Amino acid sequence: MGWIGETMDSVKSLQIRQVLTQAVSLGMIVTSALIIWKALMCITGSESPVVVVLSGSMEPGFKRGDILFLHMSKDPIRAGEIVVFNVDGREIPIVHRVIKVHEREDTGEVDVLTKGDNNYGDDRLLYAHGQLWLQRHHIMGRAVGFLPYVGWVTIIMTEKPIIKYILIGALGLLVITSKD
């Protein structure tokens, strides 16, 4: 009969109370993850406290698949810092190094220019049309730490969605069939 047959027998033998218990447990796990994420947002001051490096533009410092931990403080942004920023009209944030900082004398606001360590030129071609500098509201956070290669899980599931669906299905089946 094998593993599949045993799994089907296990699913058939479930009672309503067990299914409800498993559903509530799954709901609590998802809710806990969301609460942890929101708490990290509050602690770090960043709308996205964890990001995955999606390209090789920051090699050799950060490689594709590294996870960066972000923090956004009130301190002024300085040249040399690695920041994650959003560009108007683009969904995916970009991880690059600040190469120039320009303070406006009239308002005191700080504009920054970024560049990928592995890129030849600055990022002005990546910015929105007509934009020459990034303002503070574009910056999501500063990199304060990283975990190498762990982000490959996210990259693989994004590039090959079938793997994501298989994994979600397997985990759902595991939750439903567990006897605890």
Side-chain angles (χ1 to χ4, degrees), residues 17-58 61-78 80-98 101 108-112 114 116-117 123 126-128 131 133-178 180:
R17 187 178 183 124
Q18 285 177 308
V19 171
L20 288 175
T21 301
Q22 296 300 341
V24 168
S25 295
L26 182 62
M28 289 176 64
I29 290 169
V30 170
T31 303
S32 296
L34 290 172
I35 289 171
I36 290 169
W37 185 260
K38 287 293 186 182
L40 282 173
M41 286 174 65
C42 291
I43 291 168
T44 64
S46 175
E47 63 188 79
S48 183
V50 178
V51 294
V52 177
V53 178
L54 297 175
S55 74
S57 67
M58 284 301 292
F62 297 117
K63 294 180 178 33
R64 188 169 191 241
D66 289 353
I67 288 184
L68 297 181
F69 301 101
L70 305 182
H71 186 267
M72 192 62 188
S73 65
K74 300 283 185 198
D75 297 335
I77 296 167
R78 293 184 170 80
E81 289 185 316
I82 296 169
V83 296
V84 177
F85 60 91
N86 279 321
V87 175
D88 298 333
R90 288 184 174 221
E91 292 179 21
I92 299 173
I94 299 170
V95 178
H96 281 174
R97 187 178 306 275
V98 175
V101 177
E109 291 181 24
V110 174
D111 297 333
V112 298
T114 56
D117 289 353
D123 289 342
L126 295 176
Y127 301 163
Q131 183 179 0
W133 299 86
L134 293 175
Q135 285 77 44
R136 189 167 187 93
H137 71 272
H138 292 111
I139 297 172
M140 296 171 56
R142 300 174 169 112
V144 293
F146 79 105
L147 232 108
Y149 308 113
V150 178
W152 271 104
V153 174
T154 303
I155 292 172
I156 290 170
M157 286 196 287
T158 302
E159 291 179 355
K160 300 190 185 315
I162 189 70
I163 293 174
K164 177 174 33 178
Y165 300 130
I166 290 170
L167 183 62
I168 290 170
L171 288 173
L173 194 60
L174 183 67
V175 167
I176 289 171
T177 60
S178 68
D180 294 337

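In what follows, residues are counted from 1 in the order of the sequence shown. Source: prediction; values computed, not measured. In what follows, every heavy atom counts, from backbone to side chain, and hydrogens, waters and symmetry copies are set aside.
Between R142 and S73, the side chains place a donor N or O and an acceptor N or O closer than 3.5 Å (distance only, hydrogens not considered).
Heavy atoms from other residues, nucleotides or ligands lying under 6.0 Å from CZ of R78 number 12 at most.
Residue L134 holds its CG atom at 9.5 Å from CG of D88, rounded to the nearest 0.5 Å. One finds the CD1 atom of I168 at 13.5 Å from the CG atom of L173 (value rounded to the nearest 0.5 Å). L167 CG to I162 CD1: the interatomic distance, rounded to the nearest 0.5 Å, is 11.5 Å. Between S57 atom OG and L54 atom CG the span is 9.5 Å, to the nearest 0.5 Å. One finds the CD atom of Q131 at 9.0 Å from the CG atom of D111 (value rounded to the nearest 0.5 Å). Considering CD1 of I166 and CD1 of I163, their distance stands at 7.0 Å, rounded to 0.5 Å.
Across P49 and L40, no two heavy atoms sit closer than the pair CG-CB, 3.7 Å. Considering every non-hydrogen atom in both M72 and M140, the closest pair reads CB-O, 3.9 Å. Between N86 and I92, the closest heavy-atom pair is OD1-C, 4.3 Å. Contact between M58 and G116 at its shortest, heavy atoms only, is SD-CA, 3.8 Å. When all heavy atoms are compared, the tightest approach of A128 to V87 is N-CG1, 3.4 Å. Minimum interatomic distance between R90 and I94 (heavy atoms only, all atoms of both residues): NH1-CD1, 4.1 Å.
Inter-residue side-chain proximity for V101 and V98 is flagged as met; some heavy-atom pair is nearer than 4.5 Å. I155 has its side chain within reach of R64: a pair of non-hydrogen atoms, C-beta onward, lies under 4.5 Å apart.
The one candidate from D123, I139, V95 that meets the side chain to side chain contact (heavy atoms under 4.5 Å, CB included) condition with T114 is D123.
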Passes side-chain contact (heavy atoms from CB on, under 4.5 Å), L147 versus D66? Steps please.
CA-CA 6 Å; L147 232 108; D66 289 353; over 6 Å; no

Between H96 and L126, is the side-chain contact (heavy atoms from CB on, under 4.5 Å) condition met? List the steps.
CA-CA 11 Å; H96 281 174; L126 295 176; 3.9 Å; yes

Check against side-chain contact (heavy atoms from CB on, under 4.5 Å), F69 and S46
CA-CA 10 Å; F69 301 101; S46 175; over 6 Å; no

Criterion side-chain contact (heavy atoms from CB on, under 4.5 Å) on V50 and I67, from CA distance to verdict
CA-CA 7 Å; V50 178; I67 288 184; 3.3 Å; yes

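Pairs passing the ring-ring contact (aromatic ring centres under 6.0 Å, His included) check and including a residue from residues 134-173, sequence neighbours excluded, read F62-F146.
Salt bridge absent: E47 and K38 never bring a charged side-chain N and a carboxylate O closer than 4.0 Å.
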